[in-house]
Asks: 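Please see the structure below; I have some questions.
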There are 2 protein chains.
Amino acid sequence: MTGRILRMSTLFVRTLRDDPNDAEVPSHRLLVRAGYIRRNAPGIYTWLPLGLRVLRRIENIIREEMDDMGAQELSFPALLPKEPYEATNRWTEYGPNIFRLQDRKGADYLLGPTHEEMFTLVVKDLYSSYKDLPLSIYQIQTKYRDEARPRAGLLRGREFVMKDSYSFDVTDAGLEESYQKHRDAYIRIFDRLGFEYVIVKATSGAMGGSASEEFLAKAEVGEDTYVRCTHCDYAANVEAVAVRAPAAVSTASDNWGDAPAAHAEDTPDTPTIDSLVDHLNEAYPRDDRPWAAGDTLKNVLVVLKHPDGTREPLAIGVPGDREVDQKRLEGQLEPIEVEAMDEAELAKHPALVKGYIGPEVLGEESKSGIRFLVDPRIAEGTRWVTGANVPGSHVIDMVVGRDFTPDGTIEAADVRDGDACPNCDEGTLESARGVEMGHIFQLGRKYAEALGLQVLDENGKLVTVTMGSYGIGPSRAVAAIAEGTLDEIGLCWPRNVAPADVHVVAAGKDEAIAAAAEQLAQDLKAAGLEVLLDDRTGKVSPGVKFKDAELIGVPTIVTVGRGLADGNVEVRDRASGEREDVAVGAAVARITDIVRS
Amino acid sequence: MTGRILRMSTLFVRTLRDDPNDAEVPSHRLLVRAGYIRRNAPGIYTWLPLGLRVLRRIENIIREEMDDMGAQELSFPALLPKEPYEATNRWTEYGPNIFRLQDRKGADYLLGPTHEEMFTLVVKDLYSSYKDLPLSIYQIQTKYRDEARPRAGLLRGREFVMKDSYSFDVTDAGLEESYQKHRDAYIRIFDRLGFEYVIVKATSGAMGGSASEEFLAKAEVGEDTYVRCTHCDYAANVEAVAVRAPAAVSTASDNWGDAPAAHAEDTPDTPTIDSLVDHLNEAYPRDDRPWAAGDTLKNVLVVLKHPDGTREPLAIGVPGDREVDQKRLEGQLEPIEVEAMDEAELAKHPALVKGYIGPEVLGEESKSGIRFLVDPRIAEGTRWVTGANVPGSHVIDMVVGRDFTPDGTIEAADVRDGDACPNCDEGTLESARGVEMGHIFQLGRKYAEALGLQVLDENGKLVTVTMGSYGIGPSRAVAAIAEGTLDEIGLCWPRNVAPADVHVVAAGKDEAIAAAAEQLAQDLKAAGLEVLLDDRTGKVSPGVKFKDAELIGVPTIVTVGRGLADGNVEVRDRASGEREDVAVGAAVARITDIVRS
């Protein structure tokens, strides 16, 4: 390891006293104030020297672990021709979320948001036999997405750095093995990065595929909500939670009890669940227990916006005590976007009576023809109160499978703290927020099929390759690590990603102080450390230097100042604030010890 | 230095027997055949593992030398908002040569072809005092140009890697010093890259600015032509050659002799210089020497295409024995493009008589109003035969400054081997071709003025900063180095940029051979070398392995084969072909010695 001295007197950095106007989250505010990044346009940033050093250290940790697991690095262009993305339909599916452009001859290009197509095609180009596999290849490269709402600085940028890798196997068992190898490498990477993370089950979004996990940084500012079980090790992105639903009970079977026939009842002025429940308890009280929102079936109408621009109405049935969670719904439907159905659109379906919509008029075979999907809790054999498709009327004792049959189920109801764990009988779910830092999943044969990636197997037969996909965002990691470690006085980097190992502050105008600080920096450099030396003179007071050191957040701060008269320097741990006086002669050994520990 | 083993059995590479269809130059052919790169679209390439290793080694050499000279690395986005480029007018000037796009909100962006604006603005953002300067900052980053004719593989790509740095100084003397420091660093970089290059005077193209030099790789396939003096150290890109012209002699001065008055003469059917000279020698023979093409003044009409789309006619006067060199002409006029004036356009100017155009109808003050620029040889006091603007008639004894005055001069005439050196009295010029690998120049205050980059000087006054601009293309360097070093059997890398230090070939099916090759590779790795080990088994014959090793071009090839029976391996220098047998026990020491020498 080669030492180095960065001098605050010449380093291309300026710290700011004030928060930038456009900073939404603490990490963004501090990364700008401490001179790590600058914004050029929404979601587009310049990396100043300090920021670039952190980014490169993160990239290098990723690169080392990828190389160690046997993955090979290559690099694709960011400017990509349309054709491969047309072959997989993603040219259309991405809708407005990618940057498109034409060259001077009018040919269509995109700025790559992700490179499945390119990885698939390069393997198709080079390889032809099962003997060539398994293969894992990766790149660390700039990617582009035209986000509708770039936010939170580097956390959701429009130009960002990604490590994306892909595994190629002949068999499902091979894919499972490649997936596990990547998962292990990711755990080593995230452990080395040095911040709190959690691995959760995930949906695979627009990518297709099956098994899928995310590595989330724990962060209040995160866009992702995940849940963990209070009892078992279940953890999942809330989008991926599969509700614990009652077993279906066939209404044709002997098990089925004697539920009364469905009966429509007058329920005047009950367009909301609350008003309906109140009315039921007043007008139709039950013996065993009062009516509750969970006894009612709420049918929510939305409009699906397909990537090709077509719109499709959809009805979603959820228990009356649940809401439709738009992110969970969109998580199931990606790349389709969802919006609420407005009055004008509702009016186009005369069968639908607002506030009193019931299953009879829903479903592909029904009068409205609107597809009708229900929460898994609306299982066969369950009994509900629901709209009668007449103003001021509801049907009681409506039984699924006897009185109506939905077109299917969908995980769209909101997940709440205290919900039963889907994985064990004892626990309940607790939610928290996080930032998606990595995503690994078994992509399967979707891209290989679309692009014709086949190899000859042992018997000389062509078989389609199965793929895994594995991503980490180094630029997002800079912000997520900053966010997860900062405190009220500034950034506070984990050792492995800090822009320097130690920050030496020459505190005082005394020439002896400057000389001693310089000598210490040289000695630390010779010991192989990267030193940020605050050697500024002139009007820069010790107080300003300390504030800057706290803001910049190098993990160890060494002050060469008044203590020098007694032969000491002060070594301070940035995170804990703990200080110790160390004799000048012992300083290099002590600091090296701290840095290497 | 950490050792490493790359195994041909698993390396993501496939060599090709046949040349790719679209490869125009040897380096491109071999880089594709040897599995270094793949083409995705015109001028857009994927870096396979071997290619990426060469690219990264070049980048690291550049990075080390830039850091060593005190330049600081940062990184700008490639996707840039339009506004800064509008402020300098380059949004327009670049015309169709940049990629433009709009985001989902309709805001205009470009893919950065070069980052002067961004560098200028970031310094303006952070710095405010002369005390902050000098400063040199750089990035190594992907750039984009929508070339009209992407060609020769990586030599002229549309997506490519650039190291661009900028210096910022208060004074011209400071700029000169920063320029020299960069020049010295560039010399160290190019020396380390290990191939033949030449430093030549250059024009500064669209960049503006004054002093300017290029680092050219000597290469027949290069797009640049440069000249060197046979006597002195003058070297210049042909675009930058300043013609050695006669001193102007005022026709009003006493020095001026008694040239006869200009006289129009019949010269029927002499629309070409050759036919005119023949006719002159026949009809108007001279006493002292025969008429030659160099006695005539040829007026060439072209159309300038300004970046904003407007077209402007221009007349260029050159001696009749010279041609207008379009590249030299465009070099003077960038970003304006030039095309020949066709018949239709010529017809719009009735004063112009094709084949007999003379100075009388040229010039901004003349009947045609067409701007008239002449080669510096058409100096004041020189005498010419030129068109009389009447079919079949020329004027003899037309004297510059007496009979006509051009609007100015321009360096547009072709430069030829044997032309007098502009720098010394003895030498003549010799031309050769090269690839532009680096370009350094004193940009001056153009961008600082356009974007308002000022700092306070020692007296508290705002002064405009002066800048230098310094570029190297690492991706182009891969191709240029390949081109400059390859031979008839394959690539042949200089040591410092090769994808590995040594290529160990296990030649034979014997298990002892495989084991010995593996052990040697492990020992070389332990000694810190990067080893490419051809450990392929099965149908891959020693002949195939040798051919691949020659094609891939690692500088030292070690064969573990038949010699092993005698306790030897064969060490071969890829470039010279020299071979030596080395005892197995001495191999690591010998090879390490060769690699480190």
Asks: Begin from the C-alpha positions of B:L111 and A:L101 and carry the test side chain to side chain contact (heavy atoms under 4.5 Å, CB included) through to its verdict.
Replies: CA-CA 10 Å; B:L111 298 182; A:L101 65 159; 4.1 Å; yes
Asks: Non-hydrogen atoms of chain B under 4.5 Å away: do they reach the side chain of A:P49, the backbone, both or neither?
Replies: both
Asks: In terms of heavy-atom proximity below 4.5 Å to chain B, should A:V123 be classed as side chain, backbone, both, or neither?
Replies: both
Asks: Charged N to carboxylate O below 4.0 Å: is that the case for A:E73 and B:R53?
Replies: no
Asks: For the pair B:R158 and A:D103, find out whether any cationic side-chain nitrogen is under 4.0 Å from an anionic carboxylate oxygen.
Replies: yes
Asks: Could you tell me which portion of A:A107 (side chain, backbone, both or neither) has an atom closer than 4.5 angstrom to a non-hydrogen atom of chain B?
Replies: neither
Asks: My understanding is that only residues two or more places apart in sequence, or in another chain, count here; which of them pass salt bridge (Lys or Arg N to Asp or Glu O under 4.0 Å) with B:K124?
Replies: none
Asks: Pick one of side chain, backbone, both or neither for B:P96, based on which atoms fall under 4.5 Å of a heavy atom in chain A.
Replies: both
Asks: Would you mind checking which part of A:E83 comes under 4.5 Å of any heavy atom in chain B, side chain (CB onward), backbone (N, CA, C, O), both or neither?
Replies: neither
Asks: For A:F12 and B:Y127, what are the C-alpha separation, side-chain angles and deciding distance, and is it a side chain to side chain contact (heavy atoms under 4.5 Å, CB included)?
Replies: CA-CA 9 Å; A:F12 190 57; B:Y127 279 2; 3.6 Å; yes
Asks: Can you find a pair of side-chain heavy atoms, one from A:R4 and one from B:D67, that are under 4.5 Å apart?
Replies: yes
Asks: Which bit of B:Y45 is near chain A, if near means a heavy-atom gap under 4.5 Å: side chain, backbone, both or neither?
Replies: backbone
Asks: Just wondering, more than 12 heavy atoms not from B:K181 lying within 6.0 Å of its NZ?
Replies: no
Asks: Using a cut-off of 6.0 Å, state whether more than 12 heavy atoms not belonging to B:E177 lie near its atom CD.
Replies: no
Asks: Please flag which part of A:L48 lies under 4.5 Å from any non-hydrogen atom of chain B: side chain, backbone, both or neither.
Replies: both
Asks: Based on non-hydrogen pairs under 4.5 Å, which of A:V122, A:V13, A:L11, A:T10 is most in contact with chain B?
Replies: A:L11
Asks: Check the pair B:Q139 / A:L52 against side chain to side chain contact (heavy atoms under 4.5 Å, CB included), numbers first and verdict last.
Replies: CA-CA 10 Å; B:Q139 63 172 345; A:L52 189 60; over 6 Å; no
Asks: Less than 4.5 Å apart, any side-chain heavy atom of A:T46 and any of B:P77?
Replies: yes
Asks: Out of curiosity, A:L50 CG to B:Q72 CD, how far, rounded to the nearest 0.5 Å?
Replies: 9.0 Å
Asks: Are the side chains of A:L79 and B:N40 in contact, using a 4.5 Å heavy-atom criterion?
Replies: no
Asks: Between B:D132, B:T142, B:L16, which shows the greatest number of heavy-atom pairs under 4.5 Å with chain A?
Replies: B:D132
Asks: Is it the side chain or the backbone of B:L126 that comes within 4.5 Å of chain A heavy atoms, both, or neither?
Replies: both
Asks: Does A:R149 CZ have over 12 foreign heavy atoms under 6.0 Å away?
Replies: no
Asks: Given that the side chain runs from C-beta out, which part of A:R104 has a heavy atom under 4.5 Å from chain B: side chain, backbone, both or neither?
Replies: both
Asks: Which bit of A:I137 comes within less than 4.5 Å of chain B, counting heavy atoms only: side chain, backbone, both or neither?
Replies: side chain
Asks: For A:L74, is it the side chain, the backbone, both, or neither that has a heavy atom closer than 4.5 Å to a heavy atom of chain B?
Replies: both
Asks: Answer yes or no: is there an ion pair linking B:R14 with A:D125, defined by an N-O contact shorter than 4.0 Å?
Replies: no
Asks: Given the rule in the side chain to side chain contact (heavy atoms under 4.5 Å, CB included) test, do A:K105 and B:D146 qualify, once you have shown the distances and angles that lead to the verdict?
Replies: CA-CA 10 Å; A:K105 291 181 175 164; B:D146 197 0; over 6 Å; no
Asks: Working to the nearest 0.5 Å, report the span between OG of A:S75 and CZ of B:R56.
Replies: 6.0 Å
